[in-house]
Amino acid sequence: MTTNIQTAVNQLAEHVGQVVTLRGWVYKMRSSGKIAFIILRDGTGLCQCVFEKNEQTESIFGDVKKLGQESAVEVTGEVNKEERSVGGYELKATQVKIVHGTQDYPITPKPHGIDFLMKHRHLWFRSQRQWHILRIRATVVDQIRRYYNDNGYVLIDTPIFAPAAGEGAQTLFKVDYFGDPVYLAQTGQLYVESACMAHGKVYCFGPTFRAEKSKTRRHLTEFWMVEPEIAYASLSEVIDVAEDFICSIVKRVLHDHRDDLVELGRSLEDVEAITKPFVRLTYSEAAELLRGPKAKELLENDLKQKTSRIADLEKEIVELEETAKGGGKQWQKDKAAAQAIDSREELAELQEQVTNIPHHMRLAAEFEWGSDLGGSDETIISRLHDRPTFVTHYPKGCKAFYMREDRGDERVVENFDLLAPQGFGEIIGGSAREEDLDRLLARIEEEKLPLEDYEWYVDLRRYGSVPHGGFGLGVERTVAWICGLKHIRETIPFPRMMGKVYP
RNA sequence: UCCGCGGUAGCUCAGUGGUAGAGCAAUCGACUGUUAAUCGAUCGGUCGUAGGUUCGAAUCCUACCCGCGGAGCCA
């Protein structure tokens, strides 16, 4: 008697013709009178297991047919190459061990609403799409660490309990710390600045917390951020690092996850186009661009395209509704009804966008030097370029106190944002830091910040102060961008958003 | 915080004042190559909550709760 080989779905190619055992869960189940198909999910991939009813399987066949979705099973059988099967291989099953039979698994292979899925997040990430996304996230996180570790940076873990309210107190989570108020960290930057004076090149990487009352597709209250900080670096050197870093992440994901990206419906071509050099614009140039003919043309074309799409959709919906109500097979009617729902959703979204476009056009056309770039402005700029775009040198007034004043133009600071292309928006914010003691003190006073909270930080300008700079990259926004996802909530295992902490 | 849309079966949704509906899921049965299988049957309801109008309310009115999308702010 031969011993069965214990293996995993992604190893099946090496076992063609052999009898193996797979351990996993029932992803989907179909059966006829004398044949049953289990799509088995084992964490490494999907494999179709075929049960034919014969002398060998007679005793278990009835039980197999009754397996509910997500039942835990161990299946033994011979591995065959099979075109018709997901992944190209299938198991001709002869034995099955039911580890845990399951009934009434809530997430069926039919469509579900986002609220329902979010409430079942603990189960939802068993679904294929979520599985692809979280695998890519894991690689992005690994590449972040690898990039800095391989390039001479020292990891500095910064605290999560932060004493200072200071900057943006209304977006801080307040925590009771033995009777005194402290705040969950929004950034490790000030700490990492002090560490870079000890180690030269450092980075911190961990969760950060923002109590922003924003419910949008780009916001979480708990998200992961990596923040490198480099001593003696100028603004342009920091930007070079950011550019090289992003390219390394993109390259790694393209290398390790082509299949996952394709399954997610992401255009590989678009991802492959993310190469050096990125576009670099100053804030003033961006402002010109917004007020200029290109932005106007972009939005006018948008308006035209969306308006004609709306007309098409309206026609389509009428046709679908007729199909759904008319004769024909039930499943055809269902399909039409489901498509009509999708189309109506798209229609509603487009109609809202169309009503917003004139407003965006006005915002762009009337953009005034000195105000911060709004969401729609960022979208316009990033859509005018097919590569990521750095926007630098913002007006001092709309940026943080620690950013270095441009010595040639004191109205602006030496900062930059990186806007991901195709309208994904900001994924990095960074700057050169003010190294001059007097200028820093003046800025703290201007912003009316409590100096006593920042004494330790100001100390860095008293003892061997040098030019330095760094940036923060949001992991979830980066994953959403690379995967081509509309919403950030799927890029983190358990999203925390305003009004949402379960499960 | 503001604006828009929504809440009907476990899920996705129809239902504009007159008996509470469909598909899927679940349960039972048929079917040896299925890919959201198919076919037949069964089961399934506090119509978000509270009040009001009416002979009669899922449907109209008021308030509140929850969700989604957008704005502001941000990575």
Side-chain angles (χ1 to χ4, degrees), chain A residues 27-39 46 48 50-54 61 65-66 68-69 82-86 90 103-120 168 170-171 186-187 189 208-227 321 324-325 329-338 340-342 344-345 348-349 351-353 355-356 359-360 363 372-376 378 398 400 417-420 424-430 471-478 480-481 486-489 497-500:
Chain A
Y27 191 63
K28 280 176 197 169
M29 171 78 193
R30 281 180 294 275
S31 71
S32 299
K34 288 169 186 156
I35 188 166
F37 302 90
I38 292 179
I39 307 294
L46 298 177
Q48 176 162 275
V50 187
F51 287 85
E52 289 178 3
K53 189 176 182 182
N54 52 36
F61 192 77
K65 276 183 73 167
K66 281 182 189 151
Q69 204 187 338
E82 172 58 67
E83 283 290 307
R84 290 172 289 184
S85 172
V86 239
E90 76 177 14
Q103 296 305 316
D104 295 320
Y105 183 70
I107 303 176
T108 64
K110 300 288 173 189
H112 297 284
I114 190 64
D115 185 38
F116 177 81
L117 290 170
M118 290 297 287
K119 281 179 177 148
H120 293 84
Q170 68 280 10
T171 65
Q186 284 186 316
T187 164
Q189 189 208 308
T208 48
F209 307 89
R210 304 216 176 158
E212 280 160 10
K213 294 197 171 173
S214 41
K215 298 182 342 184
T216 80
R217 58 185 62 174
R218 300 201 311 282
H219 284 86
L220 297 168
T221 54
E222 177 181 319
F223 66 96
W224 284 64
M225 186 158 70
V226 57
E227 295 174 278
E321 278 171 348
K325 279 175 192 159
K329 294 265 186 192
Q330 188 60 51
W331 69 268
Q332 287 172 322
K333 293 199 270 184
D334 291 347
K335 202 173 163 190
I341 290 165
D342 286 351
R344 271 193 292 254
E345 223 164 77
E349 208 169 294
Q351 279 168 337
E352 178 150 14
Q353 284 173 13
T355 57
N356 280 334
H359 179 57
H360 292 165
L363 282 179
D372 207 347
L373 295 176
S376 63
E378 282 184 2
C398 46
D417 283 350
L418 178 64
L419 308 181
F424 272 91
E426 185 177 351
I427 56 171
I428 286 182
F471 61 86
L473 169 107
V475 171
E476 289 75 18
R477 285 187 181 181
T478 304
W481 166 51
K486 225 163 73 176
H487 205 296
I488 197 173
R489 65 190 154 208
M497 297 180 295
M498 187 188 158
K500 218 163 221 168

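Everything numeric in this text was worked out from a predicted model, so none of it was measured. Sequence lines set the chain letters: A, B, ... in the order given, protein chains first and strands last, and positions in each chain run from 1.
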Mind checking the C1' distance from B:rA25 to B:rA41? Whole angstroms is fine.
16 Å
Which whole number of Å gives the distance between the P atom of B:rC64 and that of B:rU46?
26 Å
Using the C1' atom on both, measure B:rC73 against B:rG51 and round to a whole Å.
39 Å
Just say parallel, tilted or perpendicular for the rings of A:Phe116 and A:His120, cut-offs at 30° and 60°.
tilted
Identify whether any heavy atom of A:Thr216 sits under 4.0 Å from a base atom; if not, whether one sits that close to sugar-phosphate; answer base, sugar-phosphate or nothing.
base
For a quick check of understanding: with a heavy-atom distance under 4.0 Å over all strands, which category does A:Ser31 fall into, base, sugar-phosphate or nothing?
base
Could you check whether A:Glu90 gets within reach of a base, just the sugar-phosphate, or nothing at all, counting any heavy atom under 4.0 Å?
base
So, is A:Arg477 near the phosphate of B:rA75, with a side-chain N or O under 4.0 Å from OP1 or OP2?
no
Please check: side-chain N/O of A:Arg477 versus main-chain N/O of A:Arg218, any donor-acceptor pairing under 3.5 Å?
yes
Among B:rC73, B:rG33, B:rA37, find the nucleotide with the atom closest to the side chain of A:Lys28.
B:rA37
My understanding is that a pair needs two contacts under 3.5 Å, Watson-Crick or G-U wobble. By that rule, which nucleotide pairs with B:rC43?
none
A:Met498 CE to B:rG69 C1', straight-line distance once rounded to whole Å:
14 Å
Mind checking A:Lys500 for me? I need base, sugar-phosphate or nothing, with any heavy atom below 4.0 Å counting as a touch.
sugar-phosphate
Between B:rA9 and B:rG15, how far apart are the P atoms? Round to whole Å, please.
15 Å
In whole Å, what is the span from the CD atom of A:Glu378 to the C1' atom of B:rG70?
16 Å
What contact category does A:Gly113 fall into here, base, sugar-phosphate, or nothing, at under 4.0 angstrom with non-hydrogen atoms?
sugar-phosphate
Looking for any heavy atom pair under 4.0 Å, which part of the strands does A:Leu473 touch: base, sugar-phosphate only, or nothing?
nothing
Side-chain contact check for A:Lys110: nearest option of B:rU27, B:rG33, B:rA36 is B:rA36
Gap between atoms CE and P, on A:Met118 and B:rC11 respectively (whole Å):
17 Å
For A:Lys119 and B:rC66, give me the distance from atom NZ to atom P, rounded to whole Å.
11 Å
Under-4.0 Å side-chain N/O to phosphate OP1/OP2 contact, A:Arg217 with B:rG70:
yes
Pairing check on B:rG4: which nucleotide meets the Watson-Crick or G-U wobble criteria with it, both distances under 3.5 Å?
B:rC68
Side chain to side chain contact (heavy atoms under 4.5 Å, CB included), that's the test. Do A:Arg30 and A:Gln48 meet it? Break it down for me.
CA-CA 11 Å; A:Arg30 281 180 294 275; A:Gln48 176 162 275; 3.9 Å; yes
For B:rU27, does OP1 or OP2 lie under 4.0 Å from any side-chain N or O of A:Gln103?
yes
Using modelled atom types only, decide if a donor and an acceptor are shared between the side chain of A:Glu212 and the backbone of A:His219 within a distance under 3.5 Å.
no
Write down the distance between CD1 (A:Ile35) and P (B:rU34), rounded to a whole number of angstrom.
9 Å
Counter-base of B:rA37, judged by Watson-Crick or G-U geometry with both distances under 3.5 Å:
none
Say we look at B:rG10 and B:rC47: how far apart would their P atoms be, to the nearest angstrom?
12 Å
Side chain to side chain, A:Thr208 and A:Gln186, heavy atoms closer than 4.5 Å:
no
Taking for each residue the nucleotide of RNA chain B bearing the nearest heavy atom, is the 5' side occupied by A:Arg489 or by A:Asp372?
A:Arg489
Which part of the nucleic acid, if any, lies within reach of A:Arg218 when heavy atoms closer than 4.0 Å are counted: base, sugar-phosphate only, or nothing?
base
5'-most contact on RNA chain B (nearest-nucleotide basis), A:Asn54 vs A:Gly374, goes to A:Asn54
In the structure I gave you, are the side-chain heavy atoms of A:Phe51 and A:Ser31 within less than 4.5 Å of one another anywhere?
no
Answer with base, sugar-phosphate or nothing: what part of the nucleic acid does A:Pro111 contact at a heavy-atom distance below 4.0 Å?
sugar-phosphate
A:Arg210/A:Phe223 under side chain to side chain contact (heavy atoms under 4.5 Å, CB included): CA gap, chis, key distance, verdict:
CA-CA 8 Å; A:Arg210 304 216 176 158; A:Phe223 66 96; 3.8 Å; yes
Do A:Thr216 and A:Met498 come within less than 4.5 Å of each other through their side chains, counting heavy atoms only?
no
Can you tell me whether the side chain of A:His112 and the base of B:rC11 have a donor-acceptor pair closer than 3.5 Å?
no
Could you tell me whether A:Asp417 contacts a base, only the sugar-phosphate backbone, or nothing, with contacts defined as non-hydrogen atoms closer than 4.0 Å?
nothing
Can you check the A:Met29 CE to B:rA25 P distance for me, whole Å?
13 Å
Taking CG from A:Leu418 and P from B:rC74, how many angstroms apart are they, rounded to a whole number?
17 Å
Looking at B:rA75 and A:Phe223: do their rings stack (centroid distance under 5.5 Å, interplanar angle under 30°)?
yes
A:Ile488, nearest nucleotide to its side chain (from B:rC68, B:rA26, B:rA75):
B:rA75
Starting the side chain at C-beta, find the nucleotide from B:rA25, B:rC31, B:rG72 nearest to A:Lys213.
B:rG72
Going by atom types alone, do A:Thr108 and A:Gln69 pair a side-chain donor with an acceptor below 3.5 Å?
no
Applying a 4.0 Å non-hydrogen cut-off, can you work out what A:Ile39 is touching in the nucleic acid: base, sugar-phosphate, or nothing?
nothing
Over how many whole Å does the gap from A:His360 atom NE2 to B:rA71 atom P extend?
6 Å
Counting Watson-Crick and G-U wobble pairs only, both distances under 3.5 Å, name the nucleotide matched with B:rG21, or none.
B:rC13
Between B:rG72 and B:rU59 - P atom distance, rounded Å:
36 Å
Under the 3.5 Å rule, do the base of B:rU34 and the side chain of A:Gln48 count as making a donor-acceptor pair?
yes
In whole angstrom, give me the gap between the P atoms of B:rA14 and B:rA22.
16 Å
Given the P atoms of B:rU8 and B:rG67, what is the spacing between them in whole Å?
14 Å
Using purine N1 to pyrimidine N3 plus N6-O4 or O6-N4 for Watson-Crick, or N1-O2 and O6-N3 for G-U wobble, each under 3.5 Å, what pairs with B:rA63?
B:rU49
